[in-house]
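Every chain is numbered from 1 and lettered A, B, ... according to where its sequence line falls, protein lines coming before strand lines. All values reported here derive from a predicted model rather than from experimental measurement. What's counted below: heavy atoms across the whole structure, side chains too, no hydrogens, waters or symmetry copies.
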2 protein chains.
Amino acid sequence: MPDSHFEEVRSLHLFAGMSDDSYARLMRAAYVQSFPPEVELIAEGESADFLHILVSGAVDLYAEWNGRRTSMATVRPVSTFILAATIRDAPYLMSAVTMEKSRIVMIPSQDVRQVFDEDGDFARAVVVELATCYRSVVKAQKNLKLRTAQERLANFLLRQQQRAGGAAEFDLPFEKRRLASLLGMTPENLSRTLRALQAYGVLVDGARVRIGDQQDLERFARPSPLIDDPAS
Amino acid sequence: MPDSHFEEVRSLHLFAGMSDDSYARLMRAAYVQSFPPEVELIAEGESADFLHILVSGAVDLYAEWNGRRTSMATVRPVSTFILAATIRDAPYLMSAVTMEKSRIVMIPSQDVRQVFDEDGDFARAVVVELATCYRSVVKAQKNLKLRTAQERLANFLLRQQQRAGGAAEFDLPFEKRRLASLLGMTPENLSRTLRALQAYGVLVDGARVRIGDQQDLERFARPSPLIDDPAS
DNA sequence: CGCCGATTTGAGAGCTTTCAAACTTTGTGG
DNA sequence: CCACAAAGTTTGAAAGCTCTCAAATCGGCG
């Protein structure tokens with residue numbers, strides 16, 4: 001593996017606190033791979049043979065049932081995904097597909113479990129990572145069950161605006177069809193709902209969004225740290 | 001704390017593997033408390049001062065936003081709840097209320113974090129517990145996003161039937177209003193949807209449910225281990 | 001330019017919610 | 001033990017929201 005990735009991954013919270021020894025063991029059989037867009041990395045139901053770490057690019061986690069499909073989350077660098085399945089040695093609950101050209105570090109699951117069994121520091125880091133993932137899914141579920149589609153969209157836009165440094169204008173980070181799926185609606189409905197938010201000063205042109213009156217949109221969206229804060 | 005609870009809690013997967021020493025430290029400041037039904041144990045947004053372990057009874061985890069309320073999960077003995085907030089030393093994301101008379105062991109969060117920092121075995125057990133919780137929320141989210149209300153209800157009934165040992169008749173485990181909220185619908189809609197499942201041989205009388213033709217209901221519900229299996 | 005996929009728009013159907021009222025169940029006090 | 005009150009459940013009607021299907025439009029790329 002190139003040194004640059006080696007160091008980049010090392011600096012992740014998950015690996016930062018462990019001994020050089022354990023880290024070396026973890027990386028011994030690990031390798032980096034580059035993928036073009038739209039490549040299926042893992043499929044729901046398969047056994048979790050590798051822990052994946054996204055170094056660059058973007059990955060969509062989705063799930064399917066009975067012919068339907070929904071986006072569950074978007075993974076951005078640098079972060080791991082599907083840690084829980086690796087630890088539990090259980091089947092993946094979600095599929096993963098690259099959204100763009102992506103570089104991914106893959107560590108054999110059995111190495112992760114072995115180091116996990118031997119290195120308490122690593123085990124503790126895994127806990128913190130998992131607790132964070134757990135809390136973020138709980139937030140996603142609250143978002144789904146407590147808010148209407150319009151409210152979810154409004155809050156999503158406000159979060160995007162924050163990510164854009166508070167600018168009044170910014171671009172949507174991915175296709176609208178994927179956004180619709182993430183928010184739990186159809187593309188058609190997203191289109192209409194975006195339009196409905198004009199009433200709160202939202203203007204959309206293609207992927208470009210302009211938030212005319214943040215206060216007004218916030219009054220409608222009522223963002224809450226217990227649902228919308230990415231960390232915590 | 002009474003010895004009976006002491007042993008019962010000790011036998012939980014979360015505590016089974018740790019040293020007597022660590023366990024004693026964890027339990028030093030812990031105490032058991034009995035609560036009548038409908039008691040608010042913790043409120044969303046509060047800081048996580050105690051890890052809770054339900055020894056007997058039942059607890060509803062719910063969340064609120066903007067005046068709306070939804071049930072997120074039901075906790076059954078013997079299990080812990082809100083472990084992630086304790087570990088992260090972060091605010092609770094959900095509120096908890098007793099559904100029946102319940103006995104609950106409360107361990108100060110700082111003790112949990114301290115033992116967690118010192119005892120690798122405990123840290124590893126926490127990981128397994130958290131990974132399981134994480135996976136169960138992911139399943140709940142797939143259930144919500146991929147299935148219609150009717151399908152969620154049908155699968156819920158099949159799961160209940162399993163819990164009842166496969167009997168054709170069984171009782172719903174809690175009030176219908178709570179079930180409706182768990183499944184993400186209104187009580188009125190649950191009532192109508194139960195009726196709609198007559199088409200697949202489901203008969204309801206009060207809390208009593210009779211599944212006339214399991215095969216038929218399964219053909220409609222299409223249960224999947226990646227959504228409906230409680231463990232794994 | 002012309003094709004292909006993504007997005008938008010329209011219309012209609014279907015599902016879910018809301019509101020109101022009737023009915024049932026549960027628990028309490030007389 | 002009965003009557004009553006309070007809460008939970010069911011039913012009906014209407015409104016609102018979301019989905020589906022179909023067609024039109026937009027946008028990027030060869």
Side-chain angles (χ1 to χ4, degrees), chain A residues 36-38 60 62 65-71 97 99-101 143-154 156-157 171-200 202-209 220, chain B residues 36-38 58 60 62 65-71 97-101 143-154 156-157 171-200 202-209 220:
Chain A
E38 305 302 325
D60 181 47
Y62 68 92
W65 178 80
N66 205 16
R68 290 166 220 163
R69 172 176 170 155
T70 189
S71 275
V97 60
M99 294 162 60
E100 329 163 348
K101 190 168 176 308
N143 193 31
L144 264 179
K145 291 186 77 175
L146 291 168
R147 289 174 171 162
T148 64
Q150 213 174 119
E151 289 162 347
R152 294 197 294 277
L153 176 57
F156 174 85
L157 293 179
D171 283 325
L172 293 176
F174 34 69
E175 283 181 314
K176 285 182 184 169
R177 73 220 289 305
R178 201 190 307 277
L179 175 56
S181 185
L182 262 177
L183 295 176
M185 49 179 138
T186 57
E188 294 96 325
N189 198 21
L190 171 62
S191 186
R192 287 185 255 264
T193 305
L194 272 171
R195 181 156 272 221
L197 288 183
Q198 276 188 14
Y200 304 99
V202 175
L203 266 177
V204 181
D205 177 47
R208 193 102 194 132
V209 176
F220 169 71
Chain B
E38 305 302 324
D60 181 48
Y62 68 92
W65 177 79
N66 206 18
R68 290 166 222 163
R69 171 175 171 157
T70 190
S71 276
V97 60
T98 54
M99 293 162 61
E100 329 163 347
K101 190 167 177 307
N143 194 32
L144 265 179
K145 292 186 77 175
L146 290 169
R147 288 176 172 161
T148 64
Q150 214 173 119
E151 289 161 347
R152 293 197 296 276
L153 176 57
F156 174 85
L157 293 179
D171 284 325
L172 293 175
F174 34 70
E175 285 181 313
K176 286 182 184 171
R177 72 218 291 304
R178 202 189 308 277
L179 175 57
S181 185
L182 263 178
L183 295 176
M185 47 180 137
T186 57
E188 293 95 327
N189 198 23
L190 171 61
S191 186
R192 287 185 254 264
T193 306
L194 273 171
R195 183 158 268 223
L197 288 183
Q198 275 188 14
Y200 303 99
V202 174
L203 266 176
V204 180
D205 176 47
R208 193 103 193 131
V209 177
F220 169 71

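Shown here are the ring pair (Phe, Tyr, Trp, His ring centres under 6.0 Å) partners of Y62(B), two or more places apart in sequence or in another chain: there are none. With sequence neighbours left out, the ring pair (Phe, Tyr, Trp, His ring centres under 6.0 Å) criterion links F156(B) to no other residue. Here T98(B) pairs with nothing under the side-chain hydrogen bond (donor to acceptor under 3.5 Å, both in side chains) rule; sequence neighbours left out. Taking the side-chain hydrogen bond (donor to acceptor under 3.5 Å, both in side chains) definition, one finds that N143(A) meets it with R147(A), sequence neighbours left out. Not counting sequence neighbours, S191(A) has no partner by the side-chain hydrogen bond (donor to acceptor under 3.5 Å, both in side chains) test. Every residue meeting the side-chain hydrogen bond (donor to acceptor under 3.5 Å, both in side chains) condition with E151(B), not counting sequence neighbours, appears here in chain and number order: R68(A), T148(B). Checked against side chain to side chain contact (heavy atoms under 4.5 Å, CB included), L182(A) has the following partners two or more places apart in sequence or in another chain: S71(A), T74(A), F174(A).
At a threshold of 4.5 Å between non-hydrogen side-chain atoms, the residues E175(B) and D60(B) do not count as touching. Using a 4.5 Å cut-off on side-chain heavy atoms (C-beta onward), N66(A) and L146(B) make no contact.
Note: M185(A) CE to R152(A) CZ = 6.0 Å, rounded to the nearest 0.5 Å.
Once you apply a 4.0 Å limit to the heavy atoms of chain B, the touched nucleotides of DNA chain D run 5' to 3' over dG8(D) to dA13(D).
For the helix from dC1(C)-dG30(D) to dG30(C)-dC1(D), the terminal axes (five pairs an end, C1' atoms, rotation from four pairs onto the next four) enclose an angle of 30°, given to 10 degrees.
Using modelled atom types, one side-chain atom of K176(A) and one backbone atom of G206(A) make a donor-acceptor pair closer than 3.5 Å.
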Can you build the contact string for nucleotides 5-11 of chain C? Use B for base contact, S for sugar-phosphate-only contact, and - for no protein heavy atom under 4.0 Å. -SSSBBB
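In this structure, L144(B) atom CG and dT16(C) atom P are separated by 12 Å, rounded to whole Å.
Listed by first then second residue, pairs satisfying salt bridge (charged side-chain N to carboxylate O under 4.0 Å, His left out) with a partner in residues 184-198 of chain A number zero, not counting sequence neighbours.
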Where do N or O atoms of nucleotides 21-25 of chain C meet protein N or O atoms at under 3.5 Å, pair by pair?
none

